[in-house]
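Here is how names work: the chains are called A, B, and so on, in the same order as the sequence lines, proteins then strands, and each is numbered from 1. These numbers were taken from a predicted model, which means no experiment stands behind them.
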Amino acid sequence: MPELPEVETIARGLAPSLVGRTVRAVRVYERRLREPIARDFARALRGRTITGLARAGKTHVASLDDDRRWLVHLGMTGRLTLQDGHGPHRPHDHVVVGFDDGRRLVYNDVRRFGRMLIVPAGALTATLGPGLEPLAPELGAAALAARARGRRLPVKAFLMDQRCLAGIGNIYANEILFHAGVRPRRHAGRLRAREWSRIATSMRAVLEEAIDCGGSTISDYRDGFERFGSYQARHRVYARAGEPCHACGERIRTLAVGGRSTFYCPRCQR
DNA sequence: CGCACCCCCTGCCGGC
DNA sequence: TGCCGGCAGGGGGTGC
């Protein structure tokens, strides 16, 4: 589910409600996620005050008052929602964190591809990996071209490689490449400077517009208050195989790149 | 060494 | 109607 715009939407939405709150209760109903939730997770979180909430790549990063960081990755189907009072325990609610204002943050994940752990602040970079922030001001065409130099993998796989860029997933890789007019199977190392310029511009434009829309709701995604995103209505290629291109009328084509469904307009993208 | 492939898990949808 | 295969926003390990 959640790529950079969805994670950003959730983090921005929840931050005003969570920052300054102190954790009163932690319940772990299911610790078997992509990696098991640590045995001492609840003990480490209980009593801590949240001092910040941000996004790094596709990961939520909550700062704690003991100089540690609480990391939450939502995988494909994870949800992080703030709820009032004591609603019913729903299927796939794996972790429930109660705060001093009576509200609770619920981590729900049907497929359990998510990740939840607490690390010292100093271990943050090592835990999250070296991927660059796509929206960082310094990440322009030159930085992208430098990272792609010599690499033969398809440019779409390059954009989705989290060790290179952190935050772009399947939906937005497709949409960015349509916006930039570049075919997804082009070798990353063979793109021209002007193509990297367009990709750099498109990356920022697509991700920022998607954030403004509260992300894309395909099926599972909801924000921190269970609201839908609306960017799916602006998708130009994703999941539109066989439908007419909004720009030229050509039928959108589909293929697999690195095992992931890929969509493009054969006329608009070269 | 870079990359394609398969797997993790559950749910849903379409076809037979 | 019911079963089965395929597919889904992510990521990591393996092996070529």
Side-chain angles (χ1 to χ4, degrees), chain A residues 1-11 29-37 55-60 71-81 90-95 107-117 126-131 134 147-177 184-190 206-207 210-211 213-224 228-242 254-263:
Chain A
M1 154 189 37
E3 304 181 29
L4 185 154
E6 289 78 29
V7 178
E8 183 71 25
T9 298
I10 294 168
Y29 295 98
E30 174 61 83
R31 53 180 81 251
R32 294 174 300 164
L33 306 185
R34 199 178 88 213
E35 66 195 50
I37 297 175
R55 175 196 59 75
K58 298 176 190 171
T59 302
H60 296 274
L71 307 184
V72 182
H73 192 293
L74 298 178
M76 293 269 258
T77 52
R79 291 190 198 179
L80 203 54
T81 53
R90 294 189 280 197
H92 311 298
D93 282 353
H94 303 317
V95 180
Y107 171 80
N108 179 291
D109 186 358
V110 169
R111 292 173 74 179
R112 290 191 276 121
F113 285 173
R115 189 181 192 205
M116 186 169 310
L117 72 165
T127 305
L128 294 175
R147 287 231 158 187
R149 190 168 299 133
R151 301 192 65 182
R152 290 179 56 85
L153 85 169
V155 61
K156 175 167 176 266
F158 171 81
L159 293 177
M160 291 177 67
D161 179 353
Q162 302 298 298
R163 292 161 301 182
C164 188
L165 286 177
I168 297 173
N170 202 28
I171 293 176
Y172 296 103
N174 280 296
E175 295 299 319
I176 288 165
L177 289 173
R185 281 200 290 198
R186 294 278 304 284
H187 291 327
R190 292 194 186 159
V206 167
L207 295 176
I211 292 168
C213 290
S216 302
T217 292
I218 301 304
S219 60
D220 293 283
Y221 170 68
R222 303 289 185 276
D223 75 5
F228 294 73
S230 66
Y231 191 72
Q232 67 281 2
R234 302 196 193 184
H235 290 177
R236 295 292 182 258
V237 288
Y238 181 79
R240 295 194 64 244
T254 183
L255 48 80
V257 172
R260 309 298 296 276
S261 292
T262 300
F263 306 89

With a 3.5 Å distance limit and no angle check, can you tell me whether [X] reaches the backbone of [Y] through a side-chain donor-acceptor pair?
X: Asn174(A); Y: Phe263(A); value: yes
X: Glu30(A); Y: Arg32(A); value: yes
X: Arg236(A); Y: Arg234(A); value: yes

Would you indicate, yes or no, if [N] has its OP1 or OP2 atom less than 4.0 angstrom from a side-chain nitrogen or oxygen of [X]?
X: His92(A); N: dC9(B); result: no
X: Arg151(A); N: dC3(B); result: yes
X: Arg112(A); N: dT10(B); result: yes

So what does [X] touch, heavy atoms closer than 4.0 Å: a base, only the sugar-phosphate, or nothing?
X: Leu153(A); result: sugar-phosphate
X: Gly169(A); result: sugar-phosphate
X: Tyr238(A); result: sugar-phosphate

* **Criterion salt bridge (charged side-chain N to carboxylate O under 4.0 Å, His left out) on Asp220(A) and Arg111(A), from CA distance to verdict** => CA-CA 11 Å; Asp220(A) 293 283; Arg111(A) 292 173 74 179; over 6 Å; no
Please report, rounded to the nearest Å, how far the [atom2] atom of [N] is from the [atom1] atom of [X].
X: Arg32(A); N: dT10(B); atom1: CZ; atom2: P; value: 8 Å
X: Arg152(A); N: dA4(B); atom1: CZ; atom2: C1'; value: 14 Å
X: Leu4(A); N: dG10(C); atom1: CG; atom2: C1'; value: 14 Å
X: Arg147(A); N: dG2(B); atom1: CZ; atom2: P; value: 13 Å
X: Arg111(A); N: dC12(B); atom1: CZ; atom2: C1'; value: 11 Å
X: Asp161(A); N: dG10(C); atom1: CG; atom2: C1'; value: 13 Å
X: Asp109(A); N: dA8(C); atom1: CG; atom2: C1'; value: 13 Å
X: Ile218(A); N: dC13(B); atom1: CD1; atom2: C1'; value: 16 Å

* Asked: Under 3.5 Å, is there a donor-acceptor pair linking the side chains of Tyr172(A) and Glu6(A)?
  -> yes
* Please identify each residue that fulfils side chain to side chain contact (heavy atoms under 4.5 Å, CB included) with Arg147(A), with sequence neighbours left out. =>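 In terms of side chain to side chain contact (heavy atoms under 4.5 Å, CB included), with neighbours along the sequence ignored, Arg147(A) is linked to Leu132(A), Phe158(A), Cys164(A).
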* Asked: Can you give the dot-bracket line for DNA chain C, where a pair is Watson-Crick or G-U wobble with both atom distances under 3.5 Å, crossing pairs use [ ], and | marks a partner on another strand?
  -> .|||||||.|||||||
* Asked: How are the rings of His94(A) and Tyr107(A) set to each other: parallel, tilted or perpendicular (split at 30° and 60°)?
  -> tilted
* To do: Find the distance between CG (Leu4(A)) and CD1 (Ile211(A)) and round it off to the nearest 0.5 Å.
  =>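 It is 5.5 Å, given to the nearest 0.5 Å.
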* Do Arg222(A) and Phe228(A) meet the cation-pi criteria used here (NZ or CZ under 6.0 Å from the six-membered ring centre, within 45° of the axis)? ->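 That pair qualifies as a cation-pi contact.
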* Counting side-chain heavy atoms from C-beta on, which of dA8(C), dG10(C), dG11(B) comes nearest to Val110(A)? -> dG11(B)
* When every nucleotide of nucleotides 11-16 of chain C is labelled 5' to 3' by its protein contacts under 4.0 Å (heavy atoms), B for base, S for sugar-phosphate only, - for none, what sequence of letters results? -> SS----
* Given the P atoms of dG11(C) and dC1(B), what is the spacing between them in whole Å? -> 24 Å
* Smallest separation among heavy atoms of His235(A) and Ile218(A), with atom names ->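 His235(A) and Ile218(A) have their closest heavy atoms at CE1-CD1, 3.8 Å.
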